[in-house]
Amino acid sequence: MDIRGYIERAVRELGAEVPFVELEVPRVAEHGDLSTPVAMVLAGRLRRPPREIAEEMASMLRAESPFERVDVAGPGFINFTFRRGFLYEGLRNLLGDPARCLRRDLGGGQKVQVEFVSANPTGPLHLGHGRGAAVGAALSNLLARAGYEVEREFYINDAGRQVRLLGESIFARYKELLGVACRFPEEGYRGGYVVEIARQLLGEAGDRFRDAGFEGEAAEYFVRFGVGRMLGVMKEDLGGFGVEFDRWQSEKALYDEGLVRRCLDELREKGMLYEREGALWFRATEFGDDKDRVVIKSDGSHTYFASDIAYHWYKIQRGFDELIDVWGADHHGYVPRIKAVIRALGHPEERLSVLLVQIVTLLRGGKPVQMSKRSGEFVTLREVTEEVGADTTKFIFLTRSHDSHLEFDIETAKKESSENPVYYVQYAYARINSIFRKARQQGVEPGGAVDLGCLKEEAEAGLIKKLLFYPLMFEGAVRAREPHRVTFYLQELAGLFHPYYNTHRVLGLDPSLTLARLALCEAVKRVLEEGLSILGVTLPERM
RNA sequence: GCGCCUGUAGCUCAGCAGGACAGAGCAACUGACUUCUAAUCAGUGGGUCGGGGGUUCGAAUCCUCCCAGGCGCGCCA
């Protein structure tokens with residue numbers, strides 16, 4: 001359906017132009033199936049009364065085939081009511097080629113990289129990482145269905161102080177296991193997993209580091225071993241959560257392969273670095289940041305920012321048209337400086353967008369769960385996945401806008417499991433499958449020459465319209481980079497299907513009616529599949 | 001002190017590029033399982049959209065001030 005096209009044509013015939021024809025599904029049935037306020041937008045531009053414009057457009061649009069009625073109402077809304085035949089045609093198209101009907105090429109093959117999670121490999125993933133994972137993965141899926149070529153990347157902070165501290169913590173535990181006295185590093189990681197890694201290391205390396213200090217080869221070994229293990233754990237946890245990446249970029253590799261050096265050289269040549277007080281600074285203030293930033297400290301070591309500059313430089317070199325960084329909102333202060341980098345490198349800052357995912361407050365039975373990474377007391381993503389389930393957890397994350405603070409109560413998420421929204425949607429899918437199983441048992445073969453005209457019920461028209469409006473939601477979600485809109489749509493669709501299921505039978509009716517209803521069920525199933533797969537939520541054949 | 005995010009029903013949250021009478025789920029209360037799965041359905045009640053100004057034909061949405069909560073403001077990562 002291209003209702004928007006008809007309206008745009010009418011706008012052009014008025015000799016006007018509008019950046020975007022807004023379409024909305026009216027809340028009230030009397031306002032038709034679809035509505036546009038475009039005449040009111042045009043009123044200002046054309047200096048004419050909105051209702052007059054609306055009337056003129058309506059009379060043009062009435063000639064178009066999809067519409068049963070085109071009415072002007074209120075201050076200048078144009079309300080459309082579809083012909084049944086238009087709905088049937090749309091349903092038929094949807095069944096004929098679901099992917100073509102449900103996906104839209106909005107990206108035109110542009111290359112987009114979505115970087116998300118990127119947690120320090122110094123401890124297990126916590127629930128906040130899970131939110132980033134759910135959002136990043138869903139956004140990637142969404143864009144991939146919108147004609148973007150998407151790469152999902154995890155950036156590994158395996159250089160610098162934090163991983164060194166991890167190695168040192170493992171080192172201390174290793175010595176303890178060998179019964180050798182060793183001071184535990186002041187800011188070391190005290191979680192039990194560190195002891196576990198030390199035990200594994202002992203199994204592999206034996207006691208050959210018994211008398212070593214934490215330096216040179218020993219330090220390197222402990223760090224590499226620890227990072228390797230932590231990465232393994234994180235990959236496992238993400239796998240258990242149902243999130244996969246296309247690529248893992250090591251920060252250390254950026255140094256080892258000389259990318260940091262080359263990038264800094266380039267900035268230096270452009271005059272964007274300067275020395276002061278023994279350190280090397282980036283002129284961030286010239287690109288909108290409020291302070292200049294150190295890239296090489298006076299002790300000669302690089303800041304985290306140095307490799308981050310190189311990382312983004314490298315991303316752009318790899319040919320991405322757009323970069324999306326999904327960050328925890330606690331890093332928001334970092335946005336201006338990384339945007340400054342993009343501009344300093346000679347690119348429009350829109351090339352990078354940073355999606356800030358707000359903090360998750362973890363509750364158990366209404367009480368906040370204290371978390372501290374240092375002490376090692378925190379609830380991990382793995383624990384929540386096991387206790388609550390990946391589908392429920394993802395669905396909760398994706399039922400909120402990414403920038404809204406989120407309270408996640410483990411008890412509630414579990415307790416409500418039987419009435420959890422995710423099951424509501426999945427159950428609709430399972431019920432449809434059940435119908436098809438039953439149909440096969442009865443020897444009813446779906447498909448073939450179906451007379452969709454048998455679908456005369458209001459509930460059926462409502463369902464078909466909802467299906468045909470999927471692209472409207474989809475385009476909005478892509479444009480706004482908001483996967484949670486998909487979640488809400490799916491709940492609404494399931495909310496139409498369940499009552500329909502309860503009041504209308506599918507099987508055992510007049511054969512042509514049964515076939516038509518099976519076709520409708522098939523279409524609902526396809527859309528549920530499409531939507532849930534964007535969210536990364538599984539599709540149960542039965543429940 | 002400065003900056004960013006948030007404030008909508010008892011609770012958790014939507015509200016799509018400013019549009020028509022503000023929505024959903026949960027919780028509460030009434031009802032519906034010999035019929036394709038009751039993880040469902042039908043119904044009832046529930047709101048000064050934090051507050052004040054402003055822009056507009058029209059504001060939960062944009063601007064501004066104030067209040068409340070969260071998060072940031074390192075030669076840490």
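Each chain gets a letter, A, B and so on, in the order the sequences are listed, and its residues count up from 1.
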Could you tell me how far apart A:Leu34 (CG) and B:A20 (C1') are, to the nearest whole angstrom? 14 Å
Footprint string (nucleotides 23-36 of chain B, 5' to 3'): B base within contact, S backbone only, - free, heavy atoms under 4.0 Å: S--SS-------SB
Strictly under 4.0 angstrom, non-hydrogen atoms only: write out the protein contact profile of nucleotides 68-77 of chain B, one letter per nucleotide from the 5' end, B, S or -. -BSBSSSBSB
Could you check which of [options] has an atom nearest any side-chain atom of [X]?
{"X": "A:His498", "options": "B:A17, B:C13, B:U40", "value": "B:U40"}
{"X": "A:Glu30", "options": "B:C16, B:U40, B:C21", "value": "B:C21"}
{"X": "A:Ala73", "options": "B:A17, B:A20, B:C16", "value": "B:A20"}

Pairing partner (Watson-Crick or G-U wobble, both distances under 3.5 angstrom) of [N]:
{"N": "B:G58", "answer": "none"}
{"N": "B:A24", "answer": "B:U12"}
{"N": "B:G72", "answer": "B:C2"}
{"N": "B:G7", "answer": "B:C67"}
{"N": "B:A42", "answer": "B:U30"}

Is the backbone N or O of [Y] less than 3.5 Å from a side-chain atom of [X], with the two atoms forming a donor-acceptor pair by type?
{"X": "A:Asn141", "Y": "A:Ile534", "result": "yes"}
{"X": "A:Ser35", "Y": "A:Pro26", "result": "no"}
{"X": "A:Gln426", "Y": "A:Thr538", "result": "yes"}

Does [X] reach a base, just sugar-phosphate, or nothing at all? Heavy atoms under 4.0 Å.
{"X": "A:Asn79", "answer": "base"}
{"X": "A:Val28", "answer": "base"}
{"X": "A:Ala428", "answer": "nothing"}
{"X": "A:Pro499", "answer": "sugar-phosphate"}

At under 4.0 Å, does any side-chain N or O of A:Ser404 touch on OP1 or OP2 of B:A14? yes
Please confirm whether the shortest side-chain N or O distance from A:His484 to OP1 or OP2 of B:G15 is below 4.0 Å.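 For B:G15, OP1/OP2 do have a side-chain N/O of A:His484 under 4.0 Å.
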Would you mind listing every side-chain hydrogen bond (donor to acceptor under 3.5 Å, both in side chains) that reaches into residues 22-31 of chain A, with sequence neighbours excluded? none
With A:Tyr314 via ring-ring contact (aromatic ring centres under 6.0 Å, His included) - residues at least two apart: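 Scan of A:Tyr314 (ring-ring contact (aromatic ring centres under 6.0 Å, His included), adjacent residues dropped) gives none.
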Holding to ring-ring contact (aromatic ring centres under 6.0 Å, His included), I want the full list of residues that pass it with A:Tyr489, two or more places apart in sequence or in another chain. A:Tyr470
Would you compute the distance between atom CG of A:Leu490 and atom NZ of A:Lys466 and round it to the nearest 0.5 angstrom?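 Rounded to the nearest 0.5 Å, the CG-NZ separation comes out at 9.5 Å.
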Between B:C57 and B:C73, how far apart are the two P atoms, rounded to whole Å? 44 Å
Basic-acidic side-chain contact under 4.0 Å: A:Lys414, A:Glu387: yes
Salt bridge (charged side-chain N to carboxylate O under 4.0 Å, His left out) involving A:Arg48 - partner list, sequence neighbours excluded: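 For A:Arg48 the salt bridge (charged side-chain N to carboxylate O under 4.0 Å, His left out) partners, ignoring immediate neighbours, are A:Glu52, A:Glu56.
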